Amino acid sequence: AQSVSQHNHHVILSEAASLELGCNYSYGGTVNLFWYVQYPGQHLQLLLKYFSGDPLVKGIKGFEAEFIKSKFSFNLRKPSVQWSDTAEYFCAVNGNNRLAFGKGNQVVVIP
Amino acid sequence: EAGVAQSPRYKIIEKRQSVAFWCNPISGHATLYWYQQILGQGPKLLIQFQNNGVVDDSQLPKDRFSAERLKGVDSTLKIQPAKLEDSAVYLCASSYSGTAGSTDTQYFGPGTRLTVL
């Protein structure tokens with residue numbers, strides 16, 4: 001079964017700072033990769049996803065993620081965060097038709 | 001388009017009581033999922049339905065948890081009897097097909113926050 005690791009569970013940064021959240025997974029087969037976001041008081045929603053092709057994926061709100069197959073990683077980045085990016089971010093991996101989530105990163109952006 | 005609906009939003013019960021949660025997926029979505037999200041963790045799949053058949057229930061504690069999806073639309077998840085460690089948010093999600101190797105996105109509902117005292 002696949003597993004997902006997310007580090008630095010709590011991240012605090014100032015507006016305009018750059019954000020990078022790490023995601024590593026373990027699964028030997030073909031995977032589909034996702035980042036979900038949960039804003040305060042809202043439900044989980046898709047930020048971006050990777051299935052095949054260009055390993056650099058662009059999502060909503062200026063986020064992007066890069067799939068590095070050799071490192072089993074799918075890190076999320078945003079060059080300049082805003083206060084409205086305060087949320088919890090979850091990396092998820094779909095292998096063998098089951099979606100496995102990491103523990104999440106709680107990101108707080110200070111105005 | 002309407003999203004995934006869940007009710008109730010909050011539930012507080014005492015241990016050994018039973019509880020049921022309801023989910024209405026996005027119209028036309030064949031696959032429905034129930035997840036358990038314990039505080040500080042990511043969601044964990046409990047059960048996956050495709051239409052009204054169970055695809056994966058390997059992580060469902062079947063001695064106390066049960067779920068059904070009659071007519072391939074709405075679904076209910078039941079816990080009987082509840083334990084303290086069942087305190088969590090129960091999320092329902094749906095996707096268009098969910099077949100093996102599918103690239104479908106799962107759409108999540110707002111969840112039901114269960115507190116077991």
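What you see is a predicted model; the values in this text were computed from it and never measured. First the proteins, then the strands, lettered A, B, ... as listed; each starts at 1.
Taking B/D56, B/V4, B/L45 one by one and counting their heavy-atom pairs under 4.5 Å with chain A, the maximum is reached by B/D56. Comparing A/Q106, A/Q45, A/H43 by how many heavy-atom pairs each has under 4.5 Å with chain B, the most go to A/H43.
When heavy atoms are compared at a cutoff of 4.5 Å, A/L46 approaches chain B solely by way of its side chain, counted from C-beta outward.
No more than 12 heavy atoms of other residues, nucleotides or ligands sit less than 6.0 Å from atom CH2 of A/W83. Counted within 6.0 Å of NZ on B/K71, heavy atoms from surrounding residues, nucleotides or ligands total 12 or fewer; the atom is thus considered open.
What you find for A/L99 and B/Y35 is that their closest heavy atoms are CB-OH, 3.5 Å. A/H9 and B/G40 get closest at one heavy-atom pair: CE1-O, 4.5 Å.
A chain of hydrophobic side-chain contacts below 4.5 Å, direct or via other Ile, Leu, Val, Met, Phe, Trp or Tyr residues, connects A/I60 to A/V107. The cluster map of Ile, Leu, Val, Met, Phe, Trp and Tyr, joined by side-chain heavy atoms under 4.5 Å apart, puts A/L13 and A/Y39 in the same cluster. Hydrophobic clustering keeps B/I13 apart from B/V89 (ILVMFWY residues linked when any side-chain heavy atoms are closer than 4.5 Å, directly or through intermediates). Connection of A/W35 to A/Y27 is established within a shared hydrophobic cluster, with ILVMFWY side chains joined at heavy-atom distances below 4.5 Å, either directly or through further cluster members. Note on B/L70 and B/V54: separate hydrophobic clusters, where clusters join Ile, Leu, Val, Met, Phe, Trp and Tyr whose side-chain heavy atoms are under 4.5 Å apart, directly or indirectly.
A heavy-atom distance below 4.5 Å is found between the side chains of B/T105 and A/Y36. Under the 4.5 Å side-chain criterion, counting only non-hydrogen atoms from C-beta, A/Q42 is not in contact with B/P110. You'll find the side chain of B/Q48 stays beyond 4.5 Å of the side chain of A/R98, heavy atoms only.
Going from atom CD of B/Q37 over to atom CZ of A/F101 covers 8.5 Å, rounded to the nearest 0.5 Å.
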